[in-house]
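Read through the structure below, which is laid out as structure tokens, and then see the notes.
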Amino acid sequence: GYCNFDHPGAVDCKLLIQNINEWFKNWLEVISRPTPDIVKVKLLTNISLYTIANNLAKFFVVLAIPIIAHNLTVEEYGSYTIILSLTMLSSSFFLMGSEHSLNFYFHKYKSKKNKLLVINTLFVFVTVLLLVLLPLIHVIMNDRIDYLSTILLWVFVSVIYLYFIIVMRANFDVKNFALLEIFRSIV
């Protein structure tokens with residue numbers, strides 16, 4: 001089985017259970033520490049603002065669907081849906097989990113200079129990736145996809161815009177994050 005000590009790839013279950021117990025005790029100690037009321041109030045305010053901004057943004061998207069559908073033909077709405085789907089898919093590809101790496105390295109460093117270095121390095125990487133791959137995609141796929149130039153331009157703008165939203169979230173700039181998130185859903 002899994003804890004068979006004669007097998008070379010077996011796990012030492014006693015050590016594993018001991019490590020889990022130690023981690024759990026440390027976790028309980030951390031969450032049971034008293035926190036100042038000001039920290040609790042700020043935390044609750046930030047959580048509330050993030051939640052309201054996300055829900056308001058989704059509300060605007062749902063509100064826009066009937067307006068868009070009413071003013072477009074079936075073919076135009078289909079093209080709009082394809083453009084939107086490709087933009088969302090490619091935004092995920094080009095940002096490639098940069099939100100997690102930005103959060104990690106942004107909060108790892110204390111000095112403003114190092115934080116700006118992290119932000120700018122990732123921004124240059126994402127921009128260069130876009131500037132190299134989008135024209136390449138255009139050359140390869142130009143004959144096969146209608147509105148390809150529009151899609152690629154929208155992908156570029158969306159990725160850069162989403163990057164700034166990620167920076168706002170990493171910097172705990174809740175108000176600007178909320179405004180950008182709501183503006184993104186309206187546009």
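Note that this is a predicted model, so its numbers are computed, not measured. Numbers here are sequence positions counted from 1.
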Does atom OH of Tyr161 have more than 12 heavy-atom neighbours, drawn from other residues, nucleotides or ligands, at distances under 6.0 Å? yes

Restricting to non-hydrogen atoms, name the atom on Val159 and the atom on Ser90 that form the minimum distance, rounded to 0.1 Å. CG2-O, 4.5 Å

Minimum heavy-atom distance His107-Lys110, with the two atoms named: O-NZ, 4.0 Å

Do Leu122 and Val118 come close enough that some side-chain heavy atom pair is under 4.5 Å? no

Donor on one side chain, acceptor on other, Asn54 and Thr51, under 3.5 Å: no

Any side-chain heavy atom of Met96 within less than 4.5 Å of one from Leu129? yes

Validation row: Ile82, Tyr77 side chains within 4.5 angstrom (heavy atoms): no

Assess the residue pair Phe156 and Phe94 against the criterion (ring-ring contact (aromatic ring centres under 6.0 Å, His included)); give the C-alpha distance rounded to whole Å, side-chain angles, the decisive distance to 0.1 Å, and a yes or no. CA-CA 9 Å; Phe156 182 80; Phe94 283 110; 9.3 Å; no

Can Val132 and Leu136 be said to form a side-chain contact (heavy atoms from CB on, under 4.5 Å), step by step? CA-CA 7 Å; Val132 168; Leu136 185 65; 5.7 Å; no

With a 4.5 Å limit on heavy-atom distance, are the side chains of Ser98 and Leu95 in contact? yes

Take a 6.0 Å sphere around CE of Met88 and say whether it holds more than 12 heavy atoms from other residues, nucleotides or ligands. no

Are Lys115 and Tyr109 in a cation-pi contact, defined as NZ or CZ under 6.0 Å from the six-membered ring centre and within 45° of the axis? no

Within the structure provided, determine whether Phe93 and Leu89 are in side-chain contact (heavy-atom separation under 4.5 Å). no

Give, for atom CZ of Phe123 and atom CD1 of Ile160, the distance between the pair rounded to the nearest 0.5 Å. 4.5 Å

